[in-house]
Structure formats: structure tokens, C-alpha cells
Asks: 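Here it is, the structure, as C-alpha cells.
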Amino acid sequence: MASPSFQAPKGTRDILPPQSTRQRALIDLFADVVERASYGAVSTPMFEDIGVFLRLGEATDVVTKEMYDFVAKDGNHIALRPELTASVVRAFVQHRPATPWKVWYEGPQFRYERPQAGRYRQFTQVGIEALGTSDPELDVEVISLAADFYKRLGLEQVTLLLNSLGDATCRPGYLQALEGYFRDNIAELSEQSALTLDINPLRVLDSKRDQDQPLIDGAPLMVEFLTPELAEHFDQVCKGLEQLGIAYTLSPRLVRGLDYYTLTTFEFAADALDTAQNAIGGGGRYDGLAESLGGPDTPGIGFALGVDRILLACDAEDTFPAPSISPEVFVVDVSGAHVSLELTHMLREAGFTADRAWDNRSMKAQMKVSDRSEAAFAIIIGEDELAADSVTVRDLRGDSGQRLLKRTELISYLQTQLR
RNA sequence: GUGGCCGUAGCUCAGUUAGGUAGAGCUCCGCGUUGUGGUCGCGGUUGUCGCGGGUUCAAAUCCCGUCGGUCACCCCA
């Protein structure tokens with residue numbers, strides 16, 4: 001075989017059955033979880049005016065380094081969406097639906113990064129956004145829906161990390177203190193973190209370099225700077241989670257990569273994943289985002305969960321297998337009279353899942369294929385059956401053998417066996 | 001963007017150390033007599049050894065480049 005002239009672009013992949021079936025089942029399950037809580041599906045374009053995403057913050061790599069952007073034929077500067085919160089908030093601002101506005105989404109997103117396990121240039125996320133109220137109980141609802149979803153997938157080794165990032169009234173004071181602290185100890189900071197410090201002191205807290213750890217451990221904490229109202233909000237969130245029995249770990253150094261986050265911030269880590277990419281979901285409040293996109297000052301909160309990584313975590317915990325799409329019945333036709341063509345059609349119309357063999361192969365070969373299909377029954381038509389207007393139904397999984405039926409009896413017989 | 005490792009049949013991989021023009025298991029196909037799968041036995045198909053260039057009488061094997069994968073940093077889902 002000649003080597004293929006083309007392959008999927010770097011960092012992208014083809015998702016074939018049964019993985020594709022599994023991914024769809026995951027999205028169906030997610031829809032079930034969030035639609036029970038009255039989140040409606042929202043679908044936005046895969047590309048936007050780049051300005052929509054520039055609001056995510058100039059200190060974020062997602063915006064400055066990782067965007068797939070291009071100038072379209074009309075001269076407009078376009079970008080493939082690197083995440084969905086900005087698009088959804090843009091849609092909110094454009095249509096101004098009544099609040100609270102609760103929506104969910106799923107779909108591909110694009111970031112130009114070096115691929116790694118669990119990190120792709122095109123990846124799929126599911127998520128929800130809720131705009132229009134700053135009630136801390138909404139924070140609890142949002143977090144609990146993610147937790148419920150993981151639970152229903154069968155994931156057990158998931159840790160919820162929780163923090164509050166404050167807001168425009170108190171964060172500047174904290175940033176000042178943080179930057180001052182790092183500057184006083186700059187000699188102990190890694191070279192790269194020193195550069196990060198110039199751009200966004202918060203992000204230094206995220207460094208994984210060993211050299212930085214002692215300094216980070218001693219850094220001032222945002223929680224110490226929260227205004228009384230924000231501290232109260234955070235406290236309510238914690239209490240609400242406890243009320244629902246949702247375990248969390250206070251993580252005062254948790255910061256997120258997108259600059260728009262305020263107050264409640266959280267991340268879900270899959271402990272079963274033995275990689276650096278073990279964050280399988282994250283989110284938080286973004287109370288200033290709607291305004292920065294030209295809308296009214298509207299509080300909002302949401303999360304995004306990485307489908308690809310969640311499935312890796314499911315593999316690691318050996319849960320949520322791909323659902324079977326095996327047919328219930330498999331038609332084997334050696335009559336030479338094209339009976340399988342109409343028989344599979346009839347079976348499908350009657351509500352059964354049915355498949356068949358091709359190419360007029362020998363009975364032995366067709367039986368082999370029928371076994372491989374994992375069908376429960378083989379329906380066999382040979383010359384004898386053709387002449388008698390009947391079919392042989394063979395039980396492939398149990399021990400009930402096979403029986404000869406009139407063709408008119410087939411459907412009702414299968415109904416007794418399969419329904 | 002930086003660095004390490006890797007790239008051989010559809011799949012998993014051996015062969016690369018000491019250069020001599022490819023192998024295993026699984027899958028797939030056929031056969032084991034007259035119309036019957038799953039086990040077993042026998043036989044068979046499939047590779048420009050990721051791609052391009054170089055060294056050599058000779059390269060899967062050595063060198064360079066490139067593409068892709070992977071891991072860490074970075075970033076994040």
C-alpha cells in the first residue's frame with residue numbers, strides 16, 4: 001500500500017466507531033443532566049470576529065499565541081473559537097434573552113498548540129453558562145451539575161478544586177501585594193516565571209517548576225483580600241456544596257488561564273490520569289464579561305468540560321464503555337433470490353435493528369460475519385426456505401437452537417424473543 | 001515556542017547495538033465434501049520499513065532534513 005498522501009492535520013484526529021458512538025453517548029448523557037435543570041441548548045458559529053475573543057484578556061496565551069485567525073475575503077479579521085464562553089456571552093448580548101438565561105453547548109474548539117496526550121488543536125467541550133444572577137446558589141447549582149455528570153459517567157477519582165478570585169474592587173490590591181512579594185524574592189524565582197510576573201502576577205501561582213514552589217507556597221492569598229461581601233458570597237458557595245454533599249478542596253492558589261474569571265473559580269482534576277493534562281473541567285464566574293462585549297452589566301457563571309480528556313479518564317477508571325450498535329438480527333441469504341434485500345428492510349420497518357451479508361458469499365462465510373456482528377439471531381434463507389416461503393431463525397447467543405418459521409410469522413416471533 | 005523519546009503489514013510489535021534488499025502474533029480470506037458462526041487444524045493475501053536527501057558495492061539499520069506521534073516545560077479542557 002502506498003503511504004497516504006494526506007493525513008489529519010497535526011493535533012487533530014479522526015474519531016471512528018466505536019469511539020464516535022461513545023462520544024455521542026457522552027454528549028447525550030450531558031444533555032440529560034443539564035436539561036433536567038432547565039438549561040437549553042445553544043449553538044453558536046465556530047468562528048467569530050476576532051474582537052470577541054480579544055476580550056478574554058491580553059495576558060492569556062489562548063488569545064495571544066494560540067488563536068487560529070485569518071482575514072476573510074471581505075477583510076474582516078476572523079478567528080476559530082478557542083473556547084465557547086465568549087461566543088455564548090456575545091450571543092446573549094446580541095439577543096438579550098430574559099434572565100436568568102441558562103444554556104448548554106457542545107462542540108469543537110480550536111487552539112494552535114503543541115499536541116500532547118489530552119491536548120489537541122481541535123478538541124470538544126461540553127459546558128453550560130448561566131447569566132443574569134449573582135445568587136451564590138447558582139454557583140452551587142452549576143458546580144453540582146458538573147459533579148453529577150462525572151458521577152453518572154461512573155468517574156470516582158475526581159477532585160473539585162475551589163477558589164475565589166475576587167473582583168475589580170479587591171483584586172488590584174491583591175495583585176499589588178502578590179507582585180510585591182515576588183519582586184522582593186525575584187532571585188529565587190525561575191527565569192520564565194520572572195517573565196510571567198511582568199505580564200500577569202496571578203499566573204506565576206500556576207507555575208509547575210520545582211524551583212518556584214517554595215516561593216509560591218509562601219505567597220499571599222486572594223482569600224485574605226476579599227471584601228466582606230465577596231467573602232460572604234464564597235462562604236455561601238462552600239456551605240451550599242456541603243449541603244449537597246459535594247466534596248471540594250479549597251485551593252487558594254488556583255488561578256485560571258482566561259482573564260475574565262471573577263469570584264468563584266473551580267477546576268475538576270481527574271486523579272486517575274497520570275499526565276500533566278489532568279484537568280477535565282473548569283469554570284467560574286465572569287461578572288464583567290457581558291459588559292466588556294458591549295452588553296449590560298450582567299453577572300454570569302459557567303463551566304467547560306473537556307470531552308476528550310473525560311474519555312481518557314473513563315478509560316483510566318474503566319468506566320463508560322462505548323454503547324453497542326450491534327444489530328439484533330442478521331440476515332444470511334444463500335437463496336440467490338435477493339431475499340435479504342427486502343427482509344432487512346422489512347425487519348427495520350418493524351423496529352428491529354438488522355444487518356446482512358454482502359457479495360453472495362458462502363453460507364459459512366455469511367454465518368461468520370453474522371457471528372461477528374454480535375447479533376442475537378441469524379435469519380437464514382436458502383433454497384428450501386425460499387420454496388416454502390419460510391425462514392430459519394437461529395439463536396446465536398443462547399442455546400435454543402434454530403427453528404423454521406413461515407415468513408409471515410417472523411416478526412411476531414422476534415417480538416416474543418427480543419421485546 | 002523549548003527539550004527528550006519514537007515512527008517496520010489493517011492492529012500490537014521483533015529486527016536497528018556490530019549495514020548484506022523483511023518477520024511474529026492477532027485480524028482478514030479460503031479449505032476441513034453435500035446449506036450453519038463461535039473452538040481447533042491446514043493454507044493464503046497485504047509492506048516503495050513515515051517521507052526526502054546523503055554515505056556505501058550494499059541502508060529498515062549510519063548521517064542530515066522534514067512530516068507525524070508521544071512525554072515534560074508552557075498552556076489548558
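Quick note on labels: first sequence line is chain A, next is B, and so on, each numbered from 1. Quick note: numbers below take in every heavy atom, side chains included, and nothing from hydrogens, waters or symmetry partners. All figures in this text were calculated on a predicted structure; none of them were measured in a lab.
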Asks: Look at the side-chain N and O atoms of Arg372(A) and state whether any lies under 4.0 Å from the OP1 or OP2 oxygen of rC28(B).
Replies: yes
Asks: Do the side-chain N or O atoms of Ser207(A) get closer than 4.0 angstrom to the phosphate oxygens (OP1, OP2) of rC74(B)?
Replies: yes
Asks: Write down the distance between CG (Asn278(A)) and P (rC74(B)), rounded to a whole number of angstrom.
Replies: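 Rounded to whole Å, this separation is 14 Å.
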Asks: Taking all atoms of both residues into account, what is the closest heavy-atom pair of Thr44(A) and Ser87(A), and its distance?
Replies: OG1-CB, 3.5 Å
Asks: Between rG20(B) and rG15(B), how many Å separate the two C1' atoms, rounded to a whole number?
Replies: 14 Å
Asks: Is the ring centre of Tyr68(A) less than 6.0 Å from the ring centre of Tyr112(A)?
Replies: yes
Asks: Glu113(A) has a side chain; which of rC71(B), rA77(B), rG35(B) sits nearest to it?
Replies: rA77(B)
Asks: Of the nucleotides rA77(B), rC71(B), rC74(B), which one has an atom closest to the side chain of Arg256(A)?
Replies: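 The answer is rA77(B), which lies nearest to the side chain.
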Asks: Tell me if the side-chain of Arg309(A) makes a donor-acceptor pair with the base of rC76(B), cut-off 3.5 Å, by modelled atom types.
Replies: yes
Asks: Lys364(A) side chain N/O closer than 4.0 Å to the phosphate oxygens (OP1, OP2) of rU36(B)?
Replies: no
Asks: Could you tell me whether a side-chain N or O of Arg356(A) sits under 3.5 Å from a main-chain N or O of Thr344(A), the two making a donor and an acceptor?
Replies: no
Asks: Does a distance-only test, which skips hydrogens and angles, find a donor-acceptor pair under 3.5 Å between the side chain of Arg394(A) and the base of rG37(B)?
Replies: yes
Asks: Answer with yes or no after comparing the ring centroid distance for Phe330(A) and Phe377(A) against a 6.0 Å cut-off, counting only values under it.
Replies: no
Asks: What nucleotide among rU70(B), rU36(B), rA77(B) has an atom nearest to a side-chain atom of Met363(A)?
Replies: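 Of rU70(B), rU36(B), rA77(B), rU36(B) is nearest to the side chain of Met363(A).
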